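These numbers were taken from a predicted model, which means no experiment stands behind them. Chain letters run A, B, ... following the sequence lines, proteins first and then strands; every chain starts at 1.
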Amino acid sequence: MQRADTVVVLDFETTGLSPNYGDRVIEIGAVRVEQGQIVDCFQQLMNPGFRINSFIEQYTGITNHMLQNAPSCAEVMAQFADFLGNDNLVAHNASFDRRFLDAELSLIKRPYAGAFVCSMLVARRVYQKAPNHKLGSLVAYKDIPTDGVFHRALADSEMTAKLWLKMLDDIALQYDISPVSFQLMQQLSRKSKDTVHRFLNDKAK
DNA sequence: TGCCAGGCCCTCTTTAGGGCCTT
């Protein structure tokens with residue numbers, strides 16, 4: 001089977017939900033997927049410049065002590081911009097990670113050229129019978145092996161990458177489409193649930 | 001210090017409301 005396009009799968013741990021209200025990134029995890037394999041990774045804690053609250057410490061396992069001597073967001077995000085290059089991006093609930101990526105890269109004046117596809121929007125269409133579309137639930141639903149770590153950036157980016165590859169394989173097998181391109185996944189993520197089957201059947205022709 | 005968002009998608013819809021998902 002031919003394998004699809006190169007993508008960088010990204011996950012952020014942050015101080016909260018909104019960069020517009022002062023929230024910052026505290027950890028980035030990313031893996032590069034080429035030819036259906038994870039070939040490279042990027043992981044770094046970063047110091048947001050203020051103390052994180054106890055909810056975030058408990059949710060992520062990242063403590064203020066761990067961030068005390070971490071490099072700044074600006075330093076880490078500049079390194080990540082170099083890692084990312086012009087590759088396209090995948091994230092689970094990408095609207096969230098995109099807001100933070102845009103905010104952090106804007107602060108250091110480092111634009112990026114890649115497009116985002118949301119693995120959650122694709123999963124809602126491809127796995128309509130899943131109990132829900134949280135990352136952890138989908139990983140369990142598809143029997144994707146994990147090391148048991150959740151809510152850390154690299155572990156979550158690896159799980160998202162494996163889910164992405166599983167969706168590519170499932171679409172390729174079910175609809176005899178090879179390879180399933182990034183562009184097709186982008187189109188799929190915008191289809192209404194009712195038209196997904198027809199859309200993929202048409203692509204198979 | 002503590003507060004907070006926003007895009008997608010369904011339905012008891014479209015002149016709206018609320019759940020899902022991310023931290």
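- Considering only the side chain of A:Phe55, B:dT23 comes nearest among B:dC8, B:dC21, B:dT23.
- The phosphate of B:dC21 (OP1 or OP2) has a side-chain N or O of A:His133 nearer than 4.0 angstrom.
- Taking atom CZ on A:Phe116 and atom P on B:dC8, their separation rounds to 14 Å, with Å as the unit.
- Here B:dT22 presents its C1' atom at 15 Å from CG of A:Leu101, a figure rounded to the nearest Å.
- The aromatic rings of A:Tyr141 and A:Tyr127 stand perpendicular to each other, their planes meeting at an angle above 60°, with 30° marking the opposite boundary.
- The pair A:Asp202-A:Arg198 fails the salt-bridge criterion, with no side-chain N (NZ, NE, NH1 or NH2) lying under 4.0 Å from an Asp/Glu carboxylate O.
- Rounded to a whole angstrom, the distance from the C1' atom of B:dC10 to that of B:dG2 is 33 Å.
- Distance A:Leu17 CG to B:dA5 C1': 7 Å, rounded to the nearest Å.
- Taking atom CZ of residue A:Arg24 and atom P of nucleotide B:dT22, one finds them 23 Å apart after rounding to whole Å.
- Here B:dT22 presents its P atom at 20 Å from CG of A:Asn20, a figure rounded to the nearest Å.
- Residue A:Asp156 is in sugar-phosphate contact alone, with no base atom involved, counting any heavy-atom pair closer than 4.0 Å across all strands shown.
- Nucleotides B:dC8 and B:dT14, compared at atom C1', are 16 Å apart to the nearest Å.
- Counting non-hydrogen atoms under 4.0 angstrom, A:Asn53 reaches nothing in the nucleic acid.
- Linking Ile, Leu, Val, Met, Phe, Trp and Tyr whenever their side-chain heavy atoms come within less than 4.5 Å puts A:Val196 and A:Phe182 in one cluster.
- Within 6.0 Å of atom CG in A:Asp176, 12 or fewer heavy atoms from other residues, nucleotides or ligands are found, so the atom counts as exposed in its surroundings.
- Comparing atom distances between the A:Phe96 side chain and each of B:dG7, B:dT23, B:dA5 picks out B:dT23 as nearest.
- For the pair A:Glu27 and A:Arg152, the salt-bridge criterion is met [side-chain N within less than 4.0 Å of a carboxylate O].
- B:dT23 and B:dG6 are spaced 13 Å apart, taking the C1' atom of each and rounding to whole Å.
- A:Phe96 is not connected to A:Tyr21 by any chain of hydrophobic side-chain contacts under 4.5 Å among Ile, Leu, Val, Met, Phe, Trp and Tyr, and they are in different clusters.
- As rounded to the nearest Å, B:dT13 and B:dG17 have C1' atoms that lie 9 Å from one another.
- In this structure, A:Asn132 does not reach the B:dC20 phosphate: none of its side-chain N or O atoms is under 4.0 Å from OP1 or OP2.
- Within the structure, a side-chain polar atom (N or O) of A:His151 is placed less than 4.0 Å from OP1 or OP2 of B:dT23.
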Under 3.5 Å, which N/O atoms of the protein pair with N/O atoms of nucleotides 10-14 of chain B?
none

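- If you take CD1 of A:Ile52 and C1' of B:dG2, they are 16 Å apart, rounded to a whole angstrom.
- Nearer the 5' end of DNA chain B, as judged by each residue's closest nucleotide, is the contact made by A:Lys191, out of A:Asn93 and A:Lys191.
- Among the heavy atoms of the strands, none lies under 4.0 Å from A:Ile26.
- Rounded to whole Å, atom P of B:dA5 lies 10 Å from atom CZ of A:Arg99.
- Of the candidates B:dC4, B:dC20, B:dT23, B:dT23 carries the atom nearest the A:Thr14 side chain, counting heavy atoms from C-beta on.
- Taking atom P on both nucleotides, B:dT22 is separated from B:dC3 by 23 Å, rounded to a whole Å.
- Checked by atom type, the side-chain pair A:Asp87/A:Thr6 shows no donor-acceptor distance below 3.5 Å.
- Whole-Å rounding puts the A:Arg152 CZ to B:dT23 P distance at 12 Å.
- Nucleotides B:dC12 and B:dG19 place their C1' atoms 15 Å apart, quoted to the nearest Å.
- Along DNA chain B, the nucleotide nearest A:Ser95 and the nucleotide nearest A:Ile56 are compared for position; the residue whose nucleotide lies closer to the 5' end is A:Ser95.
- Between A:Arg110 and A:Asp82, at least one side-chain N (NZ, or NE/NH1/NH2) sits under 4.0 Å from a carboxylate O, which counts as a salt bridge.
- Aromatic ring orientation, A:Tyr112 versus A:Phe116: perpendicular (interplanar angle above 60°, classes split at 30° and 60°).
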